[in-house]
Amino acid sequence: MINYKTLVIKDKKIPVPIIQGGMGVGVSRWLLAGATALAGGIGIISTAGLDRLVSQELGRKVDTYEAVFLEVVRAKKFSNNGLIGVNIMVFLQKDRDAAARGAIAAKADFIISGAGIPFELALIKDLGSTARIPIVSSVRVLNIIQSKWEKSGCRPDAIVLEGPLAGGHLGFKFDDVLKSENKLENLLPLVKDFAMKNGDYPVIVAGGIYDSSDIQRFMALGADGVQMGTRFLATEESGASERYKQAVVDSKEDTIVVVKNSPCGFPFRTLVDSPMYQQLLSDRRKNVCDKGYLLQKDKEGNNTFCPAKDNSKDYFCICNGLLSSAGYSDGVDLYTVGSSAHRIKEVVSVKKLMDELRGI
């Protein structure tokens with residue numbers, strides 16, 4: 001058994017310093033988060049599109065606040081009050097405040113926020129014991145966040161440093177994804193040094209972490225913990241559809257690609273075999289952007305604009321693709337994965353995965 005150093009975030013002690021990544025839409029729900037927390041790690045629920053998924057499950061309409069509240073409560077109960085957090089995308093500006101309020105009301109232990117710079121996370125009052133954790137891609141971004149947050153009287157309780165090998169949205173320009181200076185092992189020393197000098201908060205690394213040797217290597221380099229998404233994607237408790245999980249098992253290194261057609265404006269890692277990506281290649285796309293999660297403010301301050309809604313030729317509707325991949329509808333699937341997905345050969349339980357990562 002590997003004796004990892006205990007991770008401490010805002011007086012919360014995590015004996016297994018592993019955070020299960022917040023994968024949306026619908027992959028990281030209460031069952032996956034609860035199982036991870038039960039095994040000694042931190043379980044994370046993705047709030048993206050959660051209102052529709054919970055509404056479908058309950059057979060009645062719920063809003064984002066209620067959906068997040070219910071998911072956190074269920075994960076807490078399943079894990080015997082284990083450590084549960086939520087992941088809130090900055091870009092989902094219509095729903096992020098409601099998601100945060102629902103998480104705090106349900107006594108979530110952590111709010112992790114990325115896919116944009118989470119300035120608003122510092123403005124939340126009455127957090128109680130809930131910790132604030134921004135996702136950063138460099139020491140420059142961390143410096144910007146901390147400078148802004150300090151004006152609101154707070155600092156991060158921890159940070160997640162996500163490198164360019166992660167799944168889904170990446171915090172780098174498309175042409176910078178493969179640059180040597182952006183490798184996680186090269187980003188970590190600068191970020192760790194900044195964190196130690198400006199509050200001495202934990203630094204959790206993410207992006208391409210696959211097994212226990214990766215965890216030990218990055219902790220030896222100064223990381224306080226790791227966040228892993230793709231390994232938890234291919235688990236029995238994951239909310240991904242069976243066809244999504246099978247696509248991960250069947251994937252090969254050359255079928256994992258980075259594209260720049262996400263309406264969020266960030267590069268996006270996905271599987272070539274995703275039906276939606278195949279539509280992208282064949283130019284058979286239809287303008288089906290109708291969920292509204294990524295609607296941004298127009299000149300009048302109303303949430304009306306989304307690139308995929310107005311320009312389906314150059315952008316794909318990520319909301320519909322990911323909802324379909326979580327079994328919400330019979331739409332066209334989009335399979336987002338990390339760079340190490342091709343190494344996964346079977347779907348396992350969270351317990352078996354966590355035992356492997358702990359060297360049991």
Side-chain angles (χ1 to χ4, degrees), residues 7 9-10 14 17-25 27-28 33 41-48 84-93 95-96 99-100 103 108-124 130-149 154-173 176-177 182-184 187-188 190-192 194-195 198-199 201-209 218 223-230 232-233 262 264-269 336 338-339:
L7 173 62
I9 302 176
K10 201 174 181 179
I14 305 100
I18 297 173
I19 299 177
Q20 158 253 311
M23 296 167 283
V25 172
V27 175
S28 297
I42 295 176
I44 301 295
I45 296 163
S46 170
T47 66
I84 301 294
V86 300
N87 180 287
I88 301 175
M89 288 178 60
V90 174
F91 217 80
L92 300 181
Q93 62 182 32
D95 298 294
R96 65 190 180 205
D109 297 288
F110 313 96
I111 294 177
I112 298 177
S113 189
I117 301 179
F119 293 135
E120 293 78 8
L121 193 53
L123 303 177
I124 301 174
T130 304
R132 282 180 266 229
I133 305 176
I135 299 175
V136 306
S137 57
S138 66
V139 69
R140 181 187 68 84
V141 173
L142 176 56
N143 191 10
I144 291 171
I145 290 173
Q146 181 141 336
S147 297
K148 188 77 171 181
W149 280 29
C154 69
R155 287 177 174 172
D157 294 303
I159 64 161
V160 172
L161 171 63
E162 188 172 274
L165 298 183
H169 291 104
L170 307 175
F172 302 87
K173 293 180 180 179
D176 294 339
V177 169
N182 291 328
K183 289 183 177 180
L184 189 56
L187 295 170
L188 176 57
L190 293 173
V191 170
K192 180 64 177 179
F194 182 94
N198 293 275
Y201 41 77
V203 176
I204 296 111
V205 294
I209 312 295
F218 278 102
D224 299 285
V226 301
Q227 177 176 282
M228 306 174 72
T230 302
F232 287 92
L233 164 62
S262 168
C264 292
F266 301 102
F268 189 84
R269 182 171 275 112
T336 173
S339 58

Check the pair L142, N198 against side chain to side chain contact (heavy atoms under 4.5 Å, CB included), reporting the backbone distance first and the verdict last. CA-CA 11 Å; L142 176 56; N198 293 275; over 6 Å; no

Tell me, with the steps shown, if N182 and L187 meet side chain to side chain contact (heavy atoms under 4.5 Å, CB included). CA-CA 6 Å; N182 291 328; L187 295 170; 4.2 Å; yes

If we ignore hydrogens and angles and just use 3.5 Å, is the side chain of [X] paired with the main-chain N or O of [Y] as donor and acceptor?
X    : Y    : result
Q20  : I44  : yes
S28  : G21  : yes
S113 : I88  : yes
W149 : P118 : yes

From [X] [atom1] over to [Y] [atom2], what is the distance, rounded to the nearest 0.5 angstrom?
X    : Y    : atom1 : atom2 : value
R269 : S339 : CZ    : OG    : 5.0 Å
I45  : I112 : CD1   : CD1   : 11.5 Å
Y201 : Q146 : OH    : CD    : 3.5 Å
I19  : I9   : CD1   : CD1   : 5.0 Å
I133 : N87  : CD1   : CG    : 10.5 Å
Q227 : L161 : CD    : CG    : 11.0 Å

Under the criterion salt bridge (charged side-chain N to carboxylate O under 4.0 Å, His left out), I'd like the reasoning laid out for D109 against K10: C-alpha separation, chi angles, the key distance, then a yes or no. CA-CA 9 Å; D109 297 288; K10 201 174 181 179; over 6 Å; no

Go through it in stages, so that I can follow the logic: the residues are K148 and I117, the test is side chain to side chain contact (heavy atoms under 4.5 Å, CB included), and I'd like the CA-CA distance, side-chain angles, deciding distance and then a yes or no. CA-CA 10 Å; K148 188 77 171 181; I117 301 179; over 6 Å; no

Residue pair [X] / [Y]: nearest heavy atoms and the distance that separates them:
X    : Y    : answer
A48  : V25  : O-CG1, 3.3 Å
M89  : R96  : O-CB, 4.2 Å
V160 : A206 : CG1-CB, 3.9 Å
T336 : G168 : OG1-N, 2.8 Å
M228 : I209 : CE-O, 3.4 Å
A115 : V90  : O-CB, 3.5 Å

Is any side-chain heavy atom of F232 less than 4.5 Å from a side-chain heavy atom of I18?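 Contact flag for F232/I18 side chains = yes.
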
Run the numbers on D95 and T47 for side chain to side chain contact (heavy atoms under 4.5 Å, CB included), then give the verdict. CA-CA 9 Å; D95 298 294; T47 66; over 6 Å; no

